[in-house]
2 protein chains.
Amino acid sequence: MTTSQLADRLAVRPASVTAMLQKLAAAEPPLVEYHKSRGARLTEAGQRAALAVVRCHRLLELFLHEKLGYAWDEVHDEADRLEHVVGPAMVERLAAALGHPARDPHGHAIPDADLTPIGPAATLLSALPAGCTAVIDQARDDDPALLRQMAALGLLPGITLTVLAEAPATRVTLGARGATPLELPADLVARVAAEPPEFSTLTNRPSKTMPASPFGPSFF
Amino acid sequence: MTTSQLADRLAVRPASVTAMLQKLAAAEPPLVEYHKSRGARLTEAGQRAALAVVRCHRLLELFLHEKLGYAWDEVHDEADRLEHVVGPAMVERLAAALGHPARDPHGHAIPDADLTPIGPAATLLSALPAGCTAVIDQARDDDPALLRQMAALGLLPGITLTVLAEAPATRVTLGARGATPLELPADLVARVAAEPPEFSTLTNRPSKTMPASPFGPSFF
DNA sequence: TGGCTAATTTAGGCATGGCTAAATCCAGGC
DNA sequence: GCCTGGATTTAGCCATGCCTAAATTAGCCA
């Protein structure tokens, strides 16, 4: 990662990134390996620290959705604030209370307690060739409007779709066959990933109901 | 409240208190009414802000105990960190998930959603006259050792006790009558409050089991 | 009323994590 | 091999919330 890539992602000035990278590289143990004017990369320790935060964030998202009845487009911001103060003990209690889940409400893998690195994401819808059949795997969690749009279209993790055309616009059919074709917006197909049915661990498990949790929180 | 009283309670230097009081008094709306060199007092808005934090803190404590299986002496610190980042929506969802409870695990009243001020606490055990029968009402939540000691003695909110003697040490019997007398440490009786049975809303409701939650979290 | 002591406030620092502006670096084009 | 422009780093500020040390205030007693 270069300094400016990080600055863009974090919506922060490059100078601030430089300062923070220097600090993280000087930490004990160092969390990044930093080569002046040349970019930085996570160390082993840095990757574990990052995975711990990701684990916490995703468990919180699932908790807010499953146990408190939040809609799947509302959980990200709350989790973002909570993730930095939730202690390790609470993370594990949350995991236990949720049954040590493998995925958050958006389909993202939840790192296990050992902080094993998680594999690469599935393929973006925008990269699927026409004729291809795939299972929705995950969607970015930081754009509520995207998530609401997906819910409205019935485009949820676990749903199977078939690509009819990729240009000029992505046209797909949902479900098995014969359903009415949908035209998917370009910004959507660039931020939703899918997998071949034979790879998906979500197939035919159309997630209780990501959007609004109409049944209410599970412990009422 | 004077500056030094606040400094003591907050374990902070008086100079820091002065600075913060000036800031809170200058806030819009002002949260404290501050008279230079003369002390400060909460404004209406300040009291509401404080009650909102207390409500959040106590709901979190109850949540951690009831839903995540924390022991009652472990919840305070976690709640202290969480209370400042939990948003208003989550507070109300927690309240709903817990059934809009009136008390936290230590017996403290939870302010309602309207932030109605809560009444004065019950009487300290140390102030009960010999011969008096009372129901344990609440205990300070910020001292895990005290809470563990109470649990070990069976001194839980809702438990009825009778004071046999107040000096030189407080001796009590727990439960109805005839039980073996207990001698209570001075630091304990100064931090646990009780009420006359006819005032208590906890009578004969010896709280499922404050200490360890042996049945595990309620939604397993 | 003067003065003394304790309480309080002011003045000036430190660390965090952001910022801008200015210097420096470096890679590609000539 | 230079030179130039974008990327990067440095230098120097700002706000927060805490600190210490010094000045000030206030209340009490003679």
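Predicted model only: the values in this text are computed from it and were never measured. Numbered from 1 within each chain, the chains take letters A, B, ... in sequence-line order.
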What nitrogen or oxygen pairs link the protein and nucleotides 1-7 of chain C at under 3.5 Å?
none

Pick out the pairs of N or O atoms, protein on one side and nucleotides 16-18 of chain D on the other, that lie under 3.5 Å.
residue : atom : partner : partner atom : Å
D:dG17  : OP2  : B:K23   : NZ           : 2.2

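The side chain of B:K36 places an N or O atom within less than 4.0 Å of a non-bridging phosphate oxygen (OP1 or OP2) of C:dT10. Note on B:S37: every side-chain N or O is 4.0 Å or more away from OP1 and OP2 of C:dT8. Phosphate proximity of D:dA7 to A:Q5: absent, as no side-chain N or O sits under 4.0 Å from OP1 or OP2.
By the 4.0 Å N-to-carboxylate-O rule, B:D137 lies close enough to B:R103 to be salt-bridged with it. With respect to A:R81 and A:D77, no salt bridge is recorded, no charged nitrogen being found less than 4.0 Å from a carboxylate O. Comment: B:R93 engages A:E74 in a salt bridge, judged by a side-chain N to carboxylate O separation of less than 4.0 angstrom.
Across C:dT9, C:dA21, D:dT8, the shortest atom-to-atom separation from the side chain of A:A15 is found for C:dA21.
Each salt bridge (charged side-chain N to carboxylate O under 4.0 Å, His left out) pair with one or both residues in residues 30-57 of chain A, not counting sequence neighbours, appears once here: A:R55-A:E92.
Side-chain atoms of B:Y70 do not come within 3.5 Å of backbone N or O of B:E78 as any donor-acceptor pair.
Nucleotide D:dA30 is matched to C:dT1 when pairs are restricted to Watson-Crick or G-U wobble geometry with both distances under 3.5 angstrom.
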Distance-only check: which donor-acceptor pairs under 3.5 Å involve side-chain atoms of residues 113-126 of chain B, not counting sequence neighbours?
residue : atom : partner : partner atom : Å
B:T116  : OG1  : B:D112  : OD1          : 3.2
B:T116  : OG1  : B:D112  : OD2          : 3.1
B:S126  : OG   : B:V189  : O            : 3.4

Exercise answer: donor-acceptor pairs, residues 2-22 of chain B side-chain atoms, under 3.5 Å, sequence neighbours excluded:
residue : atom : partner : partner atom : Å
B:T2    : OG1  : B:Q5    : N            : 3.2
B:T2    : OG1  : B:Q5    : OE1          : 3.4
B:Q5    : OE1  : B:T2    : N            : 2.8
B:T18   : OG1  : B:P14   : O            : 3.3

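Remark: A:Y34 in residues 25-35 of chain A come within less than 4.0 Å of DNA chain D through at least one heavy atom.
Within the 4.5 Å cutoff, no side-chain heavy atoms of B:V86 are placed close to those of B:E83.
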